[in-house]
S.K.: 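Pasting in a structure now, in structure tokens, and then I'll have a few things to ask.
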Amino acid sequence: MTAFEDIWNEIIRHAGEEFYELAGRRFTYTADAGSLQPSTHEHAIPKAHFQRAWASGLLGNLRHLRQQFGQREHSYIFSILTDPRLKND
């Protein structure tokens, strides 16, 4: 299992818990093997987007994240992948 698969499994494990977008809005999500559906977003976000952001080091550059994934999607990706619950469990 790759390191990202471990992270994705943690993301799935925390589905239904409250997270916060960059602007401070609360959201929850559902997740399965291939995508994540935020409660406050119309479209599911593919697992591949999370994997690409994680692998490329884009988490340190919000502007680049926004350019790669869009105005709203980057906020969910950043908020989830940088949440301490994914690192401290």
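None of the values given here were measured: they were computed from a predicted structure.
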S.K.: What distance do Leu36 atom CG and Thr30 atom OG1 have between them, rounded to the nearest 0.5 Å?
M.R.: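 Here the rounded value is 7.0 Å.
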S.K.: Name all residues meeting the salt bridge (Lys or Arg N to Asp or Glu O under 4.0 Å) criterion together with Arg26; count only those two or more places apart in sequence or in a different chain, and write none if there are none.
M.R.: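 So Arg26 forms a salt bridge (Lys or Arg N to Asp or Glu O under 4.0 Å) with Glu18.
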S.K.: Is the shortest heavy-atom distance from the side chain of Pro38 to the side chain of Ile45 under 4.5 Å?
M.R.: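 Yes, at least one pair of side-chain atoms sits under 4.5 Å.
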S.K.: I'd like to know if Glu10 and Arg85 make a salt bridge, using a cut-off of under 4.0 Å between side-chain N and carboxylate O.
M.R.: no
S.K.: Can you list everything that forms a salt bridge (Lys or Arg N to Asp or Glu O under 4.0 Å) with Glu42? Sequence neighbours excluded, please.
M.R.: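 Applying salt bridge (Lys or Arg N to Asp or Glu O under 4.0 Å) to Glu42 gives none.
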S.K.: Checking the side chain of Arg72 only, and the main-chain atoms of Thr40 only, is there a donor and an acceptor separated by less than 3.5 Å?
M.R.: yes
S.K.: Indicate the atoms forming the closest heavy-atom contact of Ser75 with Leu22, along with that distance.
M.R.: OG-N, 2.9 Å
S.K.: Rounded to the nearest 0.5 Å, what's the gap from CG on Asp6 to CG on Leu86? Could you check?
M.R.: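 So the CG of Asp6 and the CG of Leu86 are separated by 11.5 Å.
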S.K.: Determine whether His74 and Gln68 satisfy the following criterion, side-chain hydrogen bond (donor to acceptor under 3.5 Å, both in side chains), listing intermediate values before the conclusion.
M.R.: CA-CA 8 Å; His74 88 287; Gln68 290 293 308; over 6 Å; no
S.K.: CD1 of Ile80 to CD1 of Ile7: how many Å apart, nearest 0.5 Å?
M.R.: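 If we round to the nearest 0.5 Å, Ile80:CD1 and Ile7:CD1 are 12.5 Å apart.
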S.K.: Which distance, rounded to the nearest 0.5 Å, do you find between the OG1 of Thr28 and the CD of Glu17?
M.R.: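 Here the rounded value is 10.0 Å.
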S.K.: Mind checking what makes ring pair (Phe, Tyr, Trp, His ring centres under 6.0 Å) contact with Tyr20, not counting sequence neighbours?
M.R.: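 Residues passing ring pair (Phe, Tyr, Trp, His ring centres under 6.0 Å) with Tyr20: none at all.
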S.K.: Let me know which of Phe78, Trp54, Phe69, Trp8 forms a ring pair (Phe, Tyr, Trp, His ring centres under 6.0 Å) with His49.
M.R.: Phe69
S.K.: Testing Phe19, Phe27, Tyr76, Tyr29 for ring pair (Phe, Tyr, Trp, His ring centres under 6.0 Å) with His41, which one passes?
M.R.: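 Answer to the ring pair (Phe, Tyr, Trp, His ring centres under 6.0 Å) test with His41 among Phe19, Phe27, Tyr76, Tyr29: Tyr76.
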S.K.: Closest heavy-atom contact between Glu21 and Ser79?
M.R.: CA-OG, 3.5 Å
S.K.: Could you tell me the separation between the CZ atom of Arg66 and the CD1 atom of Ile77, rounded to the nearest 0.5 Å?
M.R.: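 It is 13.0 Å, given to the nearest 0.5 Å.
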S.K.: Considering non-hydrogen atoms only, spot the tightest contact between Ala15 and Ala31 and give its length.
M.R.: CB-N, 4.2 Å
S.K.: Please confirm whether Arg52 makes a cation-pi placement over Phe4, using NZ or CZ under 6.0 Å from the six-membered ring centre and within 45° of the ring normal.
M.R.: no
